[in-house]
Amino acid sequence: MLPKFPLSRRQILFLGLSGLAGSAAVTAGKVVNTNSQVQALYNPQRDFKVVGQNSLKQRAASKGIIYGAAVEPEFFQSNTPFRASFLKDCGMIVPENSLKWTQLRPAPERYDFAKADWLAAFARAHGMLYRGHTLVWHNDIPVWFKEVVNRQNAEKVLVDHITTVSKRYAGKMHSWDVVNEAIDPESGRSDALQTSPWLDFLGPDYIELAFRATAAADPKAMLVYNETWIEYDIPKHEARRKATLKLLENLLKKGTPIHALGIQSHLMAHEKGLNPKKLRAFLSNVASLGLKILITELDVIDQQLPADSAVRDRMVASVYEDYLSVVLDEKAVIAVLTWGLSDRYTWHASFLPRSDGKPVRPLPLDFNFQRKLAWNAIARAFDQARKR
Ligand code: XIL
C-alpha cells in the first residue's frame, strides 16, 4: 500500500524535510531538470565495472570493514531468494523496526521480543553480526506513553527499558544506537537539542543517562550516537554537524561511555551539497575524539530523478560511489550498513514515493534481487578503500 504523494505532514515532519522541489524527466535520452545537480549526475560514460566475484561483505571484510543491512523477519520468511541474497552479501543484520519501542512495547508492562529474538537467532545461525537500533528516539514513542510517563517516573521508565532490552542481548550485540537523532538545529534551543518527551522530562542529561544505562547492561557492545541529515554542505546539515560535534565532546568530557558516531546517510540525489573537503574534515574531527564512525542507514533518495530506470540507476550509483569514496577514506569508518538491501523492501516506498508513481530504486539490489549499478558502486568503493 503506497501512500499518496505529496508526503503527509507527518511524513515530512518525520523526515525533517521541507520543500523538496523540482523534478526530473528524460526526453529523447536527455535529462531535463531545472536542478542542475540532477543533470550533472548523469554520465553515460562513467565506468561502474567491478573486478572479481566477491560479495559485498567479502570486499568490505578484506579491508577490515563490516557491510550489512537493515531487515525485518517477514522479508526472509516470505521470500527464499531474498534470504539467499542477504546471506551472500551481508555480514551484519540490523532490525529495521523490531527493536524500537513501538514494536517492543505494545503495553506499558509488556515486552514483545519475538521478532528481535528471531533476527538475533538468524544472525547467530548464519555467523552474522547483530546490531541494535534504537533505545532512545523522539520519533519512536508508543501510544500509551503520554498516559503513563511523567516527570516523576521518566528516569525509571527509560532506565528500565534500556536495561531490559540491552541485557537480553548482552554480549551478542556488536553495537547499539543508544540515542537516535537528538539534535535539531531548528528547535530554537541554544544547545540545538531536538524536542522530545525525554528532554522535557529529564533535561539534556537524558542522553548521558541512556549511555550509562546501556553500558551497565551490556558492557561489551559498542555504544553509538546516531544522527541524520549531516552529510551535505547545506546550512541545516552544517548546523547539525556543529551541534553533533559539540554534543560528542561534552559527553566525552563527562566520561560518558560512548564509542562511535553513526551517520545515517539517507543521501539526497537531487542535492547539490556533497562537499568532500568539508565532509572529510568532519569525519577527521570525530575520529580525533577517539570515536569510531559507522555509516548506519545508507540509501539514495531517487524521488526527483528521471523516470527511466537505467538513467536513474546510473545516477543513484554515482551518488553511492561519490559519497563512499569520501567517507571510506577515513579509517575510523568501520562499517557501512544500507537501510535495506533490495528495492522490494524499502521505507522510501511509503516515506519518499515518487510523484509519477514509479517504484523507487534506492538500494543495491532491484525488486527481484538482481544487482544494480548501485551494487557495483558500493563494491568499487570497498575495493578502493584502504585497509583498517
Ligand atoms: C524507518 C523504517 O525504515 C520504517 O519502516 C518505519 O516505518 C519508520 O522508521 N531514520 C531512522 C530509522 O533512524 O529508524 C527510520 O526507519 C528511517 C529514518
Side-chain angles (χ1 to χ4, degrees), residues 1-4 7-18 20 68-76 78 82 86 90 92-106 115-116 119 130-143 161 165 173 175-184 194 196 198 207 210 223-232 236-237 240 244 260-268 271 293-303 335-353 359-364:
M1 188 185 61
L2 292 181
K4 305 259 178 304
L7 298 176
S8 69
R9 193 179 130 70
R10 191 188 151 261
Q11 284 170 322
I12 289 172
L13 286 176
F14 179 93
L15 291 163
L17 291 174
S18 54
L20 290 181
V71 77
E72 281 295 294
E74 51 272 25
F75 307 169
F76 292 129
S78 64
F82 175 72
F86 197 94
C90 296
M92 178 183 265
I93 288 189
V94 192
E96 183 170 346
N97 292 307
S98 291
L99 280 167
K100 290 176 181 166
W101 278 71
T102 37
Q103 306 267 322
L104 284 179
R105 306 289 303 276
K115 286 182 168 196
L119 286 173
Y130 196 42
R131 173 171 158 65
H133 173 85
T134 172
L135 293 166
V136 189
W137 185 24
H138 70 281
N139 243 325
D140 177 38
I141 305 287
V143 279
H161 176 89
V165 177
M173 257 321 162
S175 49
W176 262 113
D177 287 338
V178 178
V179 178
N180 194 30
E181 303 180 358
I183 289 166
D184 173 15
Q194 164 76 53
S196 90
W198 301 118
I207 301 175
L223 304 189
V224 182
Y225 173 69
N226 198 41
E227 193 47 273
T228 190
W229 311 123
I230 53 175
E231 300 81 12
Y232 287 113
K236 260 194 219 173
H237 288 209
R240 210 183 255 105
T244 299
L261 172 67
I263 301 180
Q264 290 189 9
S265 313
H266 299 293
L267 303 178
M268 298 181 272
E271 181 52 65
I293 299 167
L294 292 83
I295 303 304
T296 49
E297 303 183 16
L298 180 61
D299 54 19
V300 176
I301 300 168
D302 71 346
Q303 205 178 36
V336 175
L337 294 325
T338 46
W339 206 240
L341 180 67
S342 150
D343 294 339
R344 186 181 294 239
Y345 307 113
T346 166
W347 71 301
H348 290 200
S350 50
F351 281 86
L352 293 154
V360 291
R361 303 176 67 85
L363 289 166

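One-based numbering, in listed order, for ligands and for the atoms of each. Atom set for the values below is all heavy atoms of this structure, side chains included, hydrogens, waters and symmetry mates excluded. Note that this is a predicted model, so its numbers are computed, not measured. Note that the numbering runs from 1 along the sequence shown for the chain.
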> With respect to atom 15 (C) of ligand 1, which of Lys100, Glu72, Glu96 exhibits the smallest heavy-atom separation?
Replying inline: Lys100
> Does His133 have a heavy atom less than 4.0 Å from any atom of ligand 1?
Replying inline: yes
> With a 6.0 Å cut-off on ring centres, are His138 and Trp198 close enough?
Replying inline: no
> Between Phe82 and Tyr345, does the ring centre distance come in under 6.0 Å?
Replying inline: yes
> Asn180 pairs by side chain to side chain donor-acceptor pair (under 3.5 Å) with which of Asp140, Thr296, Asn226?
Replying inline: Asn226
>> Closer than 4.0 Å to some heavy atom of Glu297 - which atoms of ligand 1 meet that?
In response: 10 (N), 11 (C), 12 (C), 13 (O), 17 (C), 18 (C)
> salt bridge (Lys or Arg N to Asp or Glu O under 4.0 Å) with Asp299: which residues, sequence neighbours excluded?
Replying inline: none
> Going through the checks in order, is the side chain to side chain donor-acceptor pair (under 3.5 Å) test met by Glu181 and Gln264?
Replying inline: CA-CA 9 Å; Glu181 303 180 358; Gln264 290 189 9; 2.9 Å; yes
> Of the choices Tyr345, Trp339, Phe351, Trp347, which has the non-hydrogen atom that lies closest to atom 7 (O) of ligand 1?
Replying inline: Phe351
> Going by the atom numbers of ligand 1, which of them fall below 4.0 Å from some non-hydrogen atom of Glu181?
Replying inline: 10 (N), 13 (O)
> Can you tell which of Asn97, Asn180, Asn139 gets a heavy atom nearest to atom 4 (C) of ligand 1?
Replying inline: Asn97
